Enquirer: 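This is the structure I want to talk about, given as structure tokens.
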Amino acid sequence: MKDMRIAFIGAGNMAASLIGGLRAKGLEAAQIRASDPGAETRARVSAEHGIETFADNAEAIEGVDVILLAVKPQAMKAVCESLRPSLQAHQLVVSIAAGITCASMNNWLGAQPIVRCMPNTPSLLRQGVSGLYATADVSAAQRDQAQQLLSAVGIALWLEHEQQLDAVTAVSGSGPAYFFLLIEAMTAAGVKLGLPADVAEQLAEQTALGAAKMAVSSDVDAAELRRRVTSPGGTTHAAIESFQAGGFEALVEKALGAAAHRSAEMAEQLGK
């Protein structure tokens with residue numbers, strides 16, 4: 001990483017999080033640059049991280065090793081086509097845009113080594129997880145660069161097939177919203193059971209945080225952790241039986257299937 005030079009195309013929240021993570025891991029400000037059409041965004045990112053910023057994308061990518069595309073999916077085609085005349089064959093392109101396939105990017109960029117990844121919003125707190133897929137012409141060194149880049153904000157996991165990114169989107173990309181929904185529902189239920197709203201909210205939030213930390217740090221899987229806190233005939237057992245009687249597992253499977261299907265639909269719609 002000490003020799004890597006990277007340009008961010010788009011300097012919004014996710015890009016700023018990645019920049020902050022890279023700086024915290026030892027990258028010098030001089031190794032990072034960013035472009036964005038918004039003058040206020042450029043000024044903020046430059047002030048926070050000490051990096052050089054540009055209004056012109058082509059100027060930003062000059063001489064860099066890695067180009068990270070952090071623009072909205074709807075803007076990807078136009079951004080890629082505008083970059084194409086300025087690209088060098090050795091430059092790695094990393095995309096964090098949902099629903100844009102490597103084939104579409106190759107059509108718009110030309111033949112470039114591409115890594116497509118799906119991060120999630122906890123990356124803003126450097127607690128994220130990303131799924132990564134590399135095209136065949138990405139070298140081992142470039143895979144390492146992408147790994148280190150996304151690891152700056154959490155965990156980075158490689159996938160063998162690009163289509164698996166639809167499942168990653170369903171599980172972790174959209175996943176934080178599912179947990180927020182559960183926290184909302186638990187808070188509302190706690191209020192109906194007689195708790196003050198602020199107390200119910202704190203109980204639900206801290207329980208979610210503690211359970212996640214236990215799952216991550218434990219040497220057994222989530223199913224075993226659940227069994228360990230579910231005494232036969234006890235209060236937890238009563239709640240779990242109620243969840244399962246309502247088809248909890250099947251509902252989760254259906255919801256994630258809907259998210260994965262929509263991800264695939266978006267890839268078809270946005271990749272034209």
Side-chain angles (χ1 to χ4, degrees), residues 1 4-29 31-57 60-61 64 66-80 83 92-100 105 115-132 145-157 165 168-181 183-184 205 208-209 212 259 262-263 266 270:
M1 287 184 66
M4 181 172 65
R5 297 188 66 199
I6 179 168
F8 288 81
I9 306 302
N13 289 336
M14 190 64 74
S17 176
L18 285 162
I19 292 167
L22 290 171
R23 293 286 286 119
K25 288 207 166 188
L27 249 70
E28 300 292 337
Q31 294 176 256
I32 306 170
R33 45 175 60 184
S35 64
D36 195 277
E40 289 185 7
T41 300
R42 294 196 303 271
R44 182 177 66 252
V45 170
S46 180
E48 288 179 359
H49 303 291
I51 67 169
E52 190 175 8
T53 59
F54 301 83
D56 182 76
N57 293 339
I61 70 170
V64 304
V66 180
I67 300 165
L68 189 136
L69 301 177
V71 299
K72 293 185 183 300
Q74 295 82 355
M76 279 287 285
K77 182 177 182 180
V79 168
C80 288
L83 286 174
L92 171 66
V93 175
V94 178
S95 169
I96 63 171
I100 304 295
M105 285 186 280
V115 169
R116 182 182 164 200
C117 56
M118 184 69 229
N120 63 0
T121 53
S123 298
L124 301 174
L125 303 177
R126 299 179 198 166
Q127 296 293 324
V129 61
S130 303
L132 285 74
Q145 286 176 330
Q147 173 83 32
Q148 293 185 68
L149 173 57
L150 273 299
S151 294
V153 292
I155 298 171
L157 306 173
L165 283 169
V168 171
T169 299
V171 175
S172 60
S174 300
Y178 315 154
F179 290 97
F180 298 149
L181 179 62
I183 290 170
E184 284 183 73
E205 290 172 348
L209 177 62
R262 180 58 185 148
S263 177
M266 287 175 62
L270 296 170

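Quick caveat: nothing in here was measured; it's all calculated off a predicted structure. Note that the numbering runs from 1 along the sequence shown for the chain.
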Enquirer: What pairs with A11 under side chain to side chain contact (heavy atoms under 4.5 Å, CB included), at least two apart in sequence or on another chain?
Expert: A34, D36, T41, V45
Enquirer: Just verifying a value: how many Å separate L157 CG and M118 CE, rounded to the nearest 0.5 Å?
Expert: 13.5 Å
Enquirer: Should we count CD of E48 as having more than 12 external heavy atoms under 6.0 Å?
Expert: yes
Enquirer: Please confirm whether the backbone N or O of E52 pairs with a side-chain atom of S46, one donor and one acceptor, at under 3.5 Å?
Expert: no
Enquirer: When rounded to the nearest 0.5 angstrom, what distance separates CD in Q127 from CD1 in I155?
Expert: 8.5 Å
Enquirer: Using the side-chain contact (heavy atoms from CB on, under 4.5 Å) definition, which of the options V168, L124, I96 pairs with P119?
Expert: I96
Enquirer: By salt bridge (Lys or Arg N to Asp or Glu O under 4.0 Å), which residues pair with R262, not counting sequence neighbours?
Expert: E265
Enquirer: Calculate, to the nearest 0.5 Å, the distance between atoms CD1 and CD1 belonging to I67 and I61 respectively.
Expert: 4.0 Å
Enquirer: Once side chain to side chain contact (heavy atoms under 4.5 Å, CB included) is applied, do any residues pair with S151, and if so which ones, sequence neighbours excluded?
Expert: K25, Q147, A156
Enquirer: Under the side chain to side chain donor-acceptor pair (under 3.5 Å) test, which residues partner R33, sequence neighbours left out?
Expert: none
Enquirer: For M4 and V66, which heavy atoms make the closest approach, and how far apart are they?
Expert: SD-CG2, 3.8 Å
Enquirer: Please report the closest heavy-atom contact between H49 and G20, naming both atoms and the distance.
Expert: CE1-CA, 3.5 Å
Enquirer: Give the minimum heavy-atom separation between G99 and R116, together with the two atoms involved.
Expert: N-NH2, 3.7 Å
Enquirer: Quick one: does L69's side chain get under 4.5 Å of C80's, heavy atoms only?
Expert: yes
Enquirer: Are V64 and I6 close enough that some pair of their side-chain heavy atoms sits under 4.5 Å apart?
Expert: no
Enquirer: For P176, what residues pass the side chain to side chain contact (heavy atoms under 4.5 Å, CB included) criterion, not counting sequence neighbours?
Expert: N120, T121, P122, F180
Enquirer: Just to verify, what does S35 make a side chain to side chain donor-acceptor pair (under 3.5 Å) with, not counting sequence neighbours?
Expert: N57
Enquirer: A side-chain contact here means heavy atoms from C-beta on lying under 4.5 Å apart; do L150 and L18 qualify?
Expert: yes
Enquirer: To the nearest 0.5 Å, how far apart are CD in E184 and CD in E205?
Expert: 10.5 Å
Enquirer: Test of understanding: with side chain to side chain contact (heavy atoms under 4.5 Å, CB included), list the residues that count as partners of D56, not counting sequence neighbours.
Expert: A58, E59
Enquirer: Nearest heavy-atom pair of A29 and R23: which atoms, and what distance?
Expert: N-NH1, 3.5 Å
Enquirer: State the CG-CG distance between L149 and L68, to the nearest 0.5 angstrom.
Expert: 5.5 Å
Enquirer: What heavy-atom pair brings M76 and S95 nearest, and what distance separates the two atoms?
Expert: CE-OG, 3.7 Å
Enquirer: Which pair of heavy atoms, one from Y178 and one from V171, lies closest together, and at what distance?
Expert: CE1-O, 4.2 Å
Enquirer: Find the distance between CZ (R5) and CD (Q145) and round it off to the nearest 0.5 Å.
Expert: 13.0 Å
Enquirer: Is the side chain of S263 donor-acceptor paired with the backbone N or O of A259 at a distance under 3.5 Å, no angle test?
Expert: no
Enquirer: Spell out, as yes or no, whether a donor-acceptor pair under 3.5 Å connects the side chain of S17 to the backbone of S123.
Expert: yes
